[in-house]
Amino acid sequence: MTASLRPTCPCGSGEAYDACCGRLHRGAAQAETAEELMRSRYAAFAVGDAAYLWRTWHPRTRPDDLELDTSRTWTGLRVLGSGEDWVQFVASYDSPAGPGEQSERSRFERRAGRWVYVDGETPGSD
């Protein structure tokens, strides 16, 4: 199923993809909060939009290129907490090795009026 035909957004908002994160992915709107950017980045992983992920990554910390793991299917997102410039979440996925979760406390920054992802820490790491 193509991203624009998804009935609901992968970010878990319950809204239609096109009205939610899809509008950010295609550049029709910008994320207004760090949490909205994080949700849209999760949705970009779910729909395979590496270009959006690259565009919304701080130039100081983003990789030179970004290749998504196509064997991983993202299945759910739980936001555990958020502040003005951070979001803590757990993202669930299925992979050939079985189901799993990725936990992160992500940091964001406003740059030229737009939110960008800076980096993230996994729980228990320093």
Side-chain angles (χ1 to χ4, degrees):
M1 180 182 305
T2 64
S4 63
L5 297 178
R6 289 178 169 272
T8 58
C9 191
C11 81
S13 68
E15 293 183 44
Y17 168 77
D18 198 50
C20 190
C21 294
R23 65 192 172 84
L24 302 176
H25 294 171
R26 68 177 185 275
Q30 296 294 321
E32 294 183 19
T33 65
E35 184 174 338
E36 186 177 22
L37 180 63
M38 186 281 305
R39 287 180 173 279
S40 72
R41 286 176 56 82
Y42 168 82
F45 275 105
V47 302
D49 190 344
Y52 179 79
L53 293 165
W54 196 85
R55 283 193 316 272
T56 58
W57 207 317
H58 196 294
R60 184 180 71 239
T61 58
R62 73 179 165 217
D64 291 333
D65 58 32
L66 181 62
E67 191 171 318
L68 300 180
D69 181 353
T70 57
S71 71
R72 193 174 275 190
T73 301
W74 295 96
T75 59
L77 176 67
R78 291 187 328 270
V79 175
L80 305 177
S82 64
E84 183 178 347
D85 62 354
W86 64 273
V87 180
Q88 187 165 350
F89 67 91
V90 176
S92 303
Y93 61 85
D94 286 328
S95 74
E101 291 185 333
Q102 178 177 325
S103 300
E104 185 174 296
R105 186 175 196 268
S106 299
R107 290 186 319 128
F108 299 88
E109 185 178 298
R110 283 189 72 87
R111 187 174 158 84
R114 296 180 180 194
W115 284 104
V116 291
Y117 170 77
V118 176
D119 59 19
E121 295 179 348
T122 56
S125 69
D126 292 319

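Bear in mind that the values here come from a model prediction, so they are computed numbers and not experimental data.
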Find out whether [X] and [Y] are in side-chain contact, i.e. whether some heavy atom of one side chain is under 4.5 Å from a heavy atom of the other.
X      : Y      : answer
Ser103 : Thr122 : no
Gln30  : Trp115 : no
Arg26  : Asp18  : yes
Arg39  : Val79  : yes
Met38  : Tyr117 : no

Arg23 bridged to Glu32 by N-O distance under 4.0 Å: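 No.
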Measure the [atom1]-[atom2] distance between [X] and [Y] for me, rounded to the nearest 0.5 Å.
X     : Y      : atom1 : atom2 : answer
Tyr52 : Trp57  : OH    : CH2   : 13.5 Å
Glu36 : Cys20  : CD    : SG    : 7.0 Å
Phe89 : Cys11  : CZ    : SG    : 13.0 Å
Leu66 : Phe45  : CG    : CZ    : 6.0 Å
Asp85 : Glu109 : CG    : CD    : 8.5 Å

More than 12 heavy atoms from other groups under 6.0 Å of CH2 on Trp86: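 Yes, CH2 of Trp86 has more than 12 neighbouring heavy atoms, counting only those of other groups under 6.0 Å.
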Arg55 atom CZ: more than 12 heavy-atom contacts under 6.0 Å: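 Atom CZ in Arg55 is crowded, with more than 12 foreign heavy atoms closer than 6.0 Å.
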Transitive ILVMFWY side-chain link Leu53 to Trp74, under 4.5 Å: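 Linked, Leu53 and Trp74 end up in one cluster.
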Phe108 reachable from Val90 in the ILVMFWY side-chain graph, under 4.5 Å edges: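 Val90 does not cluster with Phe108.
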Audit row: Glu101, Arg78, salt bridge (charged side-chain N to carboxylate O under 4.0 Å, His left out) steps and yes/no: CA-CA 10 Å; Glu101 291 185 333; Arg78 291 187 328 270; 3.3 Å; yes
side-chain contact (heavy atoms from CB on, under 4.5 Å) assessment of Arg111 paired with Arg60: CA-CA 11 Å; Arg111 187 174 158 84; Arg60 184 180 71 239; over 6 Å; no
Minimal non-hydrogen separation, Thr8 against Gly14, with atom names: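 Shortest heavy-atom contact: CG2-O, 4.1 Å.
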Pro10 to Ala46 - nearest heavy-atom pair and separation: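 Result for this residue pair: CB-CB, 3.6 Å.
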Audit row: Thr56, Leu24, side-chain contact (heavy atoms from CB on, under 4.5 Å) steps and yes/no: CA-CA 10 Å; Thr56 58; Leu24 302 176; over 6 Å; no
Side-chain H-bond candidate by donor/acceptor type, Glu35 with Thr33, under 3.5 Å: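 The criterion, which ignores hydrogens and geometry beyond distance, is not satisfied for Thr33 and Glu35.
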Polar side-chain atom of Ser92 near backbone of Thr75 as donor-acceptor pair, under 3.5 Å: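 Not a single qualifying donor-acceptor pair exists.
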Donor-acceptor under 3.5 Å (Ser71 side chain, Ser95 main chain):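 The answer is no, because no donor-acceptor pair under 3.5 Å joins these two groups.
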side-chain contact (heavy atoms from CB on, under 4.5 Å) evaluation trace for Tyr42 with Gln102: CA-CA 11 Å; Tyr42 168 82; Gln102 178 177 325; over 6 Å; no
